[in-house]
Amino acid sequence: MKLKDIFQNKKSEEINYYENSTQKWLPISEFRDGIVVMKDGRYVKVIEVLPVNFYLKSETEQQNIIYYYASYLKIAPDNMQIRVLTQKADISTYLERLEHFLETENNDECRRMMVDEINFVEQLSYNVAVKKRFFIAFEFTPKSFDRTYTFDDAFTYLNNEEYKARRYLAQCGMEVLEVSDDAFLTDLFFMIINKYTSKSIKPGQISGMYDEIHTMSGDIF
């Protein structure tokens, strides 16, 4: 079973999955035009929101943010979910630069300062340095008695919900990133499912892993 087979548009019972494999456990059928198609027939749209620092805003700006956010919640779909992805900050590039400067520095005092800085940053990253990403997910769930729906119906509904979210959150000063690339969704869900593996495998490198089999070995959430 190849990794790309996880996202094929087939029902789970039609595929002979490996026992205890991620393919069997994963509820996703495929990514299509920026929509997450679930095995149970649901459709999900994910958008990423760039936050603002509320406490750095003036009192008037804070009131505006609260007003427009409350206004959006009044018209938001009932099955909307807000998810926060927390990750340790990646300081590898910064440390590599410091180590390069350390190798070429001749002044002993400067070298001691660089070593102290490297140790401080490593300790800071280990304890408190994290980055957060914020996502909103909308779900299109067809009614059990309605069998006339199509993917286009779900696509139109979810894009309308994205437009409303984008319009109201812009009034709050938040930028909404358009997540319409299936490759972006693949990288995102790979990172969520494989928190530890994704540290060494960067987004965009997953295409070379299609021949590998990933099982649930504790590397999940």
Side-chain angles (χ1 to χ4, degrees), residues 28 31-36 38 42-98 116-141 153-195 198-199 202-204 221:
I28 298 173
F31 300 136
R32 181 178 174 188
D33 297 334
I35 304 296
V36 183
M38 311 298 291
R42 292 177 296 130
Y43 300 90
V44 178
K45 178 74 175 180
V46 179
I47 60 175
E48 183 170 2
V49 181
L50 300 183
V52 296
N53 194 321
F54 183 80
Y55 296 102
L56 292 181
K57 300 296 182 179
S58 66
E59 183 177 350
T60 301
E61 290 174 323
Q62 290 180 352
Q63 292 175 352
N64 288 336
I65 291 174
I66 294 173
Y67 172 79
Y68 284 110
Y69 186 64
S71 299
Y72 171 63
L73 293 180
K74 292 179 181 179
I75 60 146
D78 295 335
N79 54 6
M80 180 189 76
Q81 296 186 31
I82 298 175
R83 296 289 183 176
V84 181
L85 179 62
T86 303
Q87 300 170 295
K88 285 189 176 181
D90 184 5
I91 61 170
S92 58
T93 302
Y94 178 68
L95 290 179
E96 287 176 1
R97 291 178 57 193
L98 286 179
D116 289 341
E117 174 69 8
I118 291 174
N119 293 334
F120 172 75
V121 172
E122 287 179 338
Q123 186 69 19
L124 184 67
S125 174
Y126 180 78
N127 292 322
V128 297
V130 297
K131 65 177 181 179
K132 295 181 181 292
R133 298 175 65 185
F134 299 85
F135 299 90
I136 297 179
F138 314 105
E139 178 184 315
F140 174 80
T141 306
D153 296 328
F155 182 83
T156 300
Y157 170 82
L158 293 172
N159 280 330
N160 286 339
E161 292 299 332
E162 178 189 0
Y163 171 76
K164 288 190 292 184
R166 187 184 299 274
R167 185 161 57 92
Y168 276 88
L169 294 178
Q171 299 294 326
C172 300
M174 302 178 188
E175 182 181 354
V176 177
L177 301 181
E178 183 177 359
V179 184
S180 58
D181 187 353
D182 295 344
F184 178 90
L185 289 173
T186 302
D187 289 340
L188 173 62
F189 279 88
F190 178 83
M191 179 174 57
I192 293 174
I193 296 170
N194 301 278
K195 278 190 174 182
S198 61
K199 292 180 181 179
K202 302 301 181 182
F221 300 102

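Predicted model only: the values in this text are computed from it and were never measured.
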Applying side-chain contact (heavy atoms from CB on, under 4.5 Å) to Val49 and Glu175, what does each step give before you reach the verdict? CA-CA 6 Å; Val49 181; Glu175 182 181 354; over 6 Å; no
More than 12 heavy atoms of other residues, nucleotides or ligands under 6.0 Å from CZ of Phe54: is that the case? yes
Could you tell me if the side chain of Phe155 sits less than 4.5 Å from the side chain of Tyr43, heavy atoms only? no
Among residues at least two apart in sequence or on other chains, which ones pass side chain to side chain contact (heavy atoms under 4.5 Å, CB included) with Phe134? Pro51, Val84, Lys132
Check whether more than 12 heavy atoms from other residues, nucleotides or ligands sit under 6.0 Å from atom CZ of Phe135, and answer yes or no. yes
Run the ring-centre check on Phe138 versus Tyr157 and record whether the distance is less than 6.0 Å. no
Are there over 12 heavy-atom neighbours, none belonging to Arg83, within less than 6.0 Å of that residue's CZ? no
Hey, mind stepping through Asp116 and Phe120 against side-chain contact (heavy atoms from CB on, under 4.5 Å) and telling me if it holds? CA-CA 6 Å; Asp116 289 341; Phe120 172 75; over 6 Å; no
Below 4.5 Å, heavy atoms only, C-beta onward: do Tyr72 and Met80 meet side chain to side chain? yes
Could you walk me through whether Gln63 and Thr60 pass the side-chain hydrogen bond (donor to acceptor under 3.5 Å, both in side chains) check? CA-CA 5 Å; Gln63 292 175 352; Thr60 301; 5.2 Å; no
Taking 4.0 angstrom as the limit, do Lys45 and Glu161 come out as a salt bridge? no
Candidate pair Leu177 and Leu50, rule side-chain contact (heavy atoms from CB on, under 4.5 Å), full reasoning: CA-CA 7 Å; Leu177 301 181; Leu50 300 183; 4.0 Å; yes
Given Cys172, which of Asn64, Val52, Ile65 fulfils the side chain to side chain contact (heavy atoms under 4.5 Å, CB included) condition? Ile65
